[in-house]
Amino acid sequence: MNVSRIALAGGVAVSSVLLVSGTAFAHVTVQPQGPAAKGGYATVNFKVPNERDNASTIKLEVSLPAEHPLASVMPQPVPGWKVEVTKSKLDKPLELHGNQITEAATKVTWTADGSKIGPGQFQQFPLSIGQLPEDADQLVFKAVQTYDNKDVVRWIEEPEKGAEEPESPAPVLTLSAATEDHHGGGAAGADAKGSKDGGENAGHHDEPASASGSGSDTTARVLGIAGIVVGGAGLAFGVLARRRRSA
């Protein structure tokens with residue numbers, strides 16, 4: 001009897017932990033691809049899980065931090081989704097690479113166009129952003145998630161240090177220490193330096209030569225080893241065949 005009660009209590013406890021864990025990790029988050037250094041550029045991913053069992057996500061709206069305007073905001077195309085970047089005039093112009101920026105992106109909206117985020121699935125939405133502020137440790141992006149049954153979830157509560165995580169936390173991007181070149185982890189930094197407006201071509205870059213060279217060396221080594229193995233096998237086969245003939 002006692003054993004049954006203990007087993008039942010244990011099962012309830014495990015179920016509760018799983019339920020809490022699932023809820024805690026079901027919100028929209030933002031993570032950088034590589035470092036997101038202060039004063040630099042970064043490529044970030046907004047990860048959107050579907051927390052509904054009977055509906056699909058069809059829209060994501062991300063508001064960009066007004067207190068730290070980002071002069072360069074470029075979305076990466078996501079198959080099956082339309083994207084729109086909304087810009088607004090700045091009260092105080094920004095200085096970027098010697099140029100005066102009078103407007104900045106304030107919101108990015110992804111809308112399903114032949115695709116959805118179904119139950120039990122998630123989707124990532126990449127965004128190249130910069131120049132990151134030098135006087136902040138993090139950026140808060142408020143997000144709104146819309147489902148095809150018209151449910152709307154607002155991930156807009158700002159987490160506070162030392163406090164419990166809010167029920168609907170906003171995505172938070174933690175910024176790392178500034179680097180010497182101020183390019184951060186995104187490719188946009190290098191190109192924006194050579195681009196007057198940091199526009200269409202910012203964020204596009206050629207693959208480093210060292211990466212392609214390393215790949216060629218690895219391929220050559222693999223082929224060389226394979227050749228040695230095949231040659232050794234052929235030699236052994238020939239020796240064995242001669243012995244059989246002699247016998």
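When a residue number appears, it is its place in the shown sequence, counting from 1.
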Group every Ile, Leu, Val, Met, Phe, Trp and Tyr by side-chain heavy-atom contacts under 4.5 Å, then state whether [X] and [Y] land in the same group.
X	Y	result
Leu60	Val78	yes
Phe46	Leu132	yes
Val85	Val48	yes
Val83	Trp81	yes
Phe125	Ile58	no

Atom [atom1] of [X] and atom [atom2] of [Y]: how far apart are they, to the nearest 0.5 Å?
X	Y	atom1	atom2	result
Phe141	Thr29	CZ	OG1	12.0 Å
Thr43	Gln31	OG1	CD	13.5 Å
Lys107	Leu64	NZ	CG	10.0 Å

Check [X] against [Y] and note the closest heavy-atom contact, atom names and distance.
X	Y	result
Tyr41	Gln131	CE2-N, 3.9 Å
Ala37	Ala178	CB-CA, 4.4 Å
His68	Pro133	ND1-CB, 3.6 Å

Taking C-beta and beyond as the side chain, do [X] and [Y] meet within less than 4.5 Å on heavy atoms?
X	Y	value
Pro169	His27	yes
Leu173	Ile129	yes
Ile101	Pro69	no
Val30	Val172	no
Val44	Leu127	yes
Tyr147	Asn50	yes
Asn45	Gln124	yes
Lys59	Glu61	yes

Legend entry - Asp137 and Lys38: CA distance, side-chain angles, deciding distance, salt bridge (charged side-chain N to carboxylate O under 4.0 Å, His left out) verdict: CA-CA 8 Å; Asp137 295 323; Lys38 297 178 181 180; 2.7 Å; yes
Legend entry - Atom CD of Glu164 with >12 non-hydrogen neighbours under 6.0 angstrom: no
Donor-acceptor pairs under 3.5 Å, side chain of residues 109-121 to any protein atom, not counting sequence neighbours: which ones?
unit_1	atom_1	unit_2	atom_2	d
Lys116	NZ	Asp148	OD2	3.3
Gln121	OE1	Gly118	N	2.9

Scan the side chains in residues 151-158 for donor-acceptor partners under 3.5 Å anywhere in the protein, sequence neighbours excluded, and list what turns up.
unit_1	atom_1	unit_2	atom_2	d
Asp151	OD2	Arg52	NE	3.3
Asp151	OD2	Asn149	ND2	3.3
Trp155	NE1	Gln145	OE1	3.0
Glu157	OE2	Ser168	N	3.1

